[in-house]
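The structure under discussion appears below in the form of structure tokens.
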Amino acid sequence: MKKQIPTIRGTKDILPREIRKWQRVESMAKKVFELYGYREIRTPVFEATELFEKGTGETSDIVIKEMYTFKDKAGRSLTLRPEYTPSVVRSIIKNRLYLKPDPLRFYFIGPMFRYDKPQKGRYRQFHQIDIEVFREGDPAIDAEIVEMADYFLKKLRVYDTKTLVNSVGCKECRPAYIKDLRKKAEEIKKDLCADCLRKIKTNPLRIFDCKVKSCRETAQAFPNITDYLCQECEEHFSKFCDYLGLYGIKYKVEPRLVRGIDYYTKTTFEIISSKLGAQDAILGGGRYDDMMKEFGGPDICGTGFAMGMERLISVVPFEKEKGGFLYLAYLGEKAKRAGMELVQLIRREGMECLIEFKKKTLKSQMSRANKLGATWVLIIGDEEVKKGKYQLKNMQTGIQEEKDREEILDIIQKS
RNA sequence: GUGGGCGUAGCUCAACUGGUUAGAGCACUGGACUGUGGAUCCAGAGGUUGGGGGUUCGAGACCCCUCGCUCACCCCA
């Protein structure tokens, strides 16, 4: 074999056998989300780098080291989107969607790019299904999107999941928490790495997920955000939990949930699967009340979640659905011409039909039809062409009968 | 980004402590069977052992580099 051109690290092909699963998941997503009033939106794969620096957050791992950033020929700094939320926010502002009567509920399916170290359930190009709702500040909507995710997973027969929830406060209550974190961190400064010493000033929350294990252990003693929530956040969180109960969703409060993205306010949540191993989050999301305003748009709150397609698909059970199809076997040039015409007709009737243009014995054509799982084989040779009647064989029963064109089309329509 | 494991035919895997021409099963192609699938038997094709360098009389195996996969940590979807 000649030197092969490899795929790029962290990317992969999705082959025809697998694509059925993707199509099923995607169509189910569309069906379910539209039931809840969501509509599809598509935004560009690349955006101005600034969008993610401001949106995703300058202190997030994603922005610091995981973005595919490059300059175009005009020298602009562009980035392949590492997540979707900032793009929708940008799109809403640009298109003034908040002035239209339509609900601000969107879903989106597409590839994302992060320069991470690849492993199972983590790729450099991966796919997400996102949903976002805007201008709904009531905790009921937070509960509703969790309920929608839960329903969607159940429709796909994914049952072994856990729902984790938390509140990360807002710009009212978080400063006091950050301040206390800084104080705590200063006290034990000598136990922290150089990187964390910097984080004390920039974003002490990031100490929780330092690469150095001893820092993380030290941080165990730090206070939890849940003890610092202002009255509004406290109330929002308890109502959120209450509504989850109303929907019959079981959940667990996880005080350290979702620290890696800067923009979350109040509600955060995650749905995990025990089948996934280390990368166990099927979906994650939460509320982000300040992003729109910070991008120069109106003061409109937002909430939503993102689902990892690769992870989801790996836990969705699939039965091999196979629709019937007909394989046309022919012998000789005349039969081939008759076969080509018949195949055209059969396809017009809506049945999948395969004729392969290789010099093959009848035996090998039959064998191939069998291997491909054909429901019917239509056999044409000189005899059949002369008579205008063809051999139609049912591969399941093995029964073969002589049929003319009309009879064949009739049978196909019925099956 | 840190640490462990692994790369041999399309797939799953063999090949002893370094020793002839790198094997098997499945899959593929053909035949036994002149126009009839699944079973059986026979044959064929398929490899620069991921790539590069080194040690050696001799490397699939040992050493170094590199690429990729994988698992854990961490992060996230």
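For the numbers below, each heavy atom of this structure counts, side chains included, while hydrogens, waters and symmetry mates do not. Note that the structure is predicted; figures quoted are calculated from it, not measured.
The distance between atom CD1 of A:Ile380 and atom P of B:U36, rounded to the nearest whole Å, is 17 Å. Counting to the nearest Å, the C1' atom of B:C75 and the CD1 atom of A:Ile62 are 8 Å from each other. A straight line from CE of A:Met67 to P of B:C75 spans 20 Å, rounded to a whole angstrom. Straight-line distance from the CD atom of A:Gln365 to the P atom of B:G38: 14 Å, rounded to whole Å. Taking atom NZ of A:Lys358 as the reference point, atom P of B:G30 lies 10 Å away to the nearest angstrom. We find that CG of A:Leu331 is positioned 11 Å from C1' of B:U34, with the value rounded to whole Å. Atom CD of A:Glu66 is separated from atom C1' of B:C75 by 6 Å (rounded to the nearest Å). A:Phe152 has its CZ atom 13 Å from the C1' atom of B:A77, to the nearest Å.
Using a 4.0 Å heavy-atom distance criterion, A:Asp130 is classed as making no nucleic acid contact. Contacts of A:Ile379 with the nucleic acid, taken as non-hydrogen atoms under 4.0 Å apart, include base atoms. Among the protein residues, A:Gly332 comes within range of no part of the nucleic acid, since none of its heavy atoms lies under 4.0 Å from any strand. Residue contacts for A:Lys371: at a heavy-atom cut-off of 4.0 Å it reaches the sugar-phosphate backbone alone, with no base atom in range.
Of all the residues in residues 395-407 of chain A, A:Met395, A:Gly398, A:Gln400 reach under 4.0 Å from RNA chain B with at least one non-hydrogen atom.
If you take atom C1' in B:U56 and the same atom in B:U70, they sit 32 Å apart, rounded to whole Å. Only the P atoms considered, B:C62 is 12 Å distant from B:G5, to the nearest whole Å. A gap of 12 Å separates the P atoms of B:G1 and B:U66, to the nearest Å. B:A9 and B:U48 have their P atoms separated by 9 Å, given to the nearest Å. The separation of B:G10 from B:U29, taken at their P atoms, amounts to 16 Å, rounded to a whole angstrom. Across the P atoms, B:C74 and B:C65 are found 28 Å apart, a figure rounded to whole Å. On the C1' atoms, B:C16 is 30 Å away from B:A45, given to the nearest whole Å. Across the P atoms, B:C41 and B:G46 are found 24 Å apart, a figure rounded to whole Å.
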Fill in: Secondary structure of RNA chain B in dot-bracket form (Watson-Crick or G-U wobble, distances below 3.5 Å, | marking inter-strand pairs)
(((((((..((((.....[...)))).(((((.......))))).....(((((..]....))))))))))))....

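For the salt bridge (Lys or Arg N to Asp or Glu O under 4.0 Å) with A:Glu47, the qualifying choice from A:Arg81, A:Arg90, A:Lys54 is A:Arg90, the only one to do so.
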Which atom pairs, one a donor and one an acceptor, fall under 3.5 Å between side chains of residues 133-152 of chain A and the rest of the protein, sequence neighbours left out?
from: A:Arg135; atom 1: NH2; to: A:Tyr98; atom 2: O; distance (Å): 2.3
from: A:Glu136; atom 1: OE2; to: A:Arg105; atom 2: NH2; distance (Å): 3.3
from: A:Asp138; atom 1: OD1; to: A:Ala140; atom 2: N; distance (Å): 2.7
from: A:Asp142; atom 1: OD1; to: A:Arg287; atom 2: NE; distance (Å): 3.3
from: A:Asp142; atom 1: OD1; to: A:Arg287; atom 2: NH2; distance (Å): 3.0
from: A:Asp142; atom 1: OD1; to: A:Thr303; atom 2: OG1; distance (Å): 3.0
from: A:Asp142; atom 1: OD2; to: A:His236; atom 2: NE2; distance (Å): 2.7
from: A:Asp142; atom 1: OD2; to: A:Thr267; atom 2: OG1; distance (Å): 2.7
from: A:Asp142; atom 1: OD2; to: A:Arg287; atom 2: NE; distance (Å): 3.0
from: A:Glu144; atom 1: OE1; to: A:Arg105; atom 2: NH1; distance (Å): 3.2
from: A:Glu147; atom 1: OE1; to: A:Tyr36; atom 2: OH; distance (Å): 2.7
from: A:Glu147; atom 1: OE2; to: A:Tyr36; atom 2: OH; distance (Å): 3.4
from: A:Asp150; atom 1: OD1; to: A:Lys154; atom 2: NZ; distance (Å): 3.4
from: A:Asp150; atom 1: OD2; to: A:Lys154; atom 2: NZ; distance (Å): 2.7

Run the side-chain donor-acceptor check on residues 337-347 of chain A: report pairs under 3.5 Å with partners two or more places apart or on a different chain.
from: A:Arg347; atom 1: NE; to: A:Cys353; atom 2: O; distance (Å): 3.1
from: A:Arg347; atom 1: NH2; to: A:Cys353; atom 2: O; distance (Å): 2.7

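A:Glu310 pairs by the side chain to side chain contact (heavy atoms under 4.5 Å, CB included) definition with A:Lys12, A:Trp22, A:Tyr123, A:Phe126, A:His127, not counting sequence neighbours.
At a cut-off of 3.5 angstrom, the base of B:G37 holds no donor-acceptor pair with the side chain of A:Lys363.
Looking at A:Ile408 and A:Leu378, their side chains come closer than 4.5 Å, going by heavy atoms from C-beta outward. At least one side-chain heavy atom of A:Tyr288 sits under 4.5 Å from a side-chain heavy atom of A:Thr85. In this structure, the side chains of A:Asp290 and A:Lys171 come closer than 4.5 Å at one or more pairs of heavy atoms. Between A:Leu156 and A:Leu312, the closest side-chain pair of non-hydrogen atoms falls below 4.5 Å.
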Between the protein and nucleotides 70-72 of chain B, which nitrogen or oxygen pairs are less than 3.5 angstrom apart?
from: B:C71; atom 1: OP2; to: A:Lys120; atom 2: N; distance (Å): 3.0

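Comparing atom distances between the A:Leu362 side chain and each of B:G37, B:A77, B:U36 picks out B:U36 as nearest.
No more than 12 heavy atoms of other residues, nucleotides or ligands lie within 6.0 Å of CD in A:Gln396, so this atom counts as exposed by the packing criterion.
With rounding to the nearest 0.5 Å, the separation of CG in A:Leu51 from OG1 in A:Thr79 is 9.0 Å.
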Item to complete: Begin with the C-alpha distance, continue with both residues' side-chain angles, and end with the deciding distance and a verdict on ring pair (Phe, Tyr, Trp, His ring centres under 6.0 Å) for A:Phe108 and A:Tyr84.
Response: CA-CA 8 Å; A:Phe108 166 91; A:Tyr84 166 68; 3.9 Å; yes

Item to complete: Could you check A:Tyr327 against A:Thr375 for side chain to side chain contact (heavy atoms under 4.5 Å, CB included), going step by step and ending with a plain yes or no?
Response: CA-CA 8 Å; A:Tyr327 190 96; A:Thr375 36; over 6 Å; no

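In this structure, A:Phe269 and A:Phe240 have tilted ring planes: the angle between them lies in the 30° to 60° band.
When the nearest nucleotides of RNA chain B are assigned to A:Gly381 and A:Lys360 by heavy-atom distance, the more 5′-ward of the two goes with A:Lys360.
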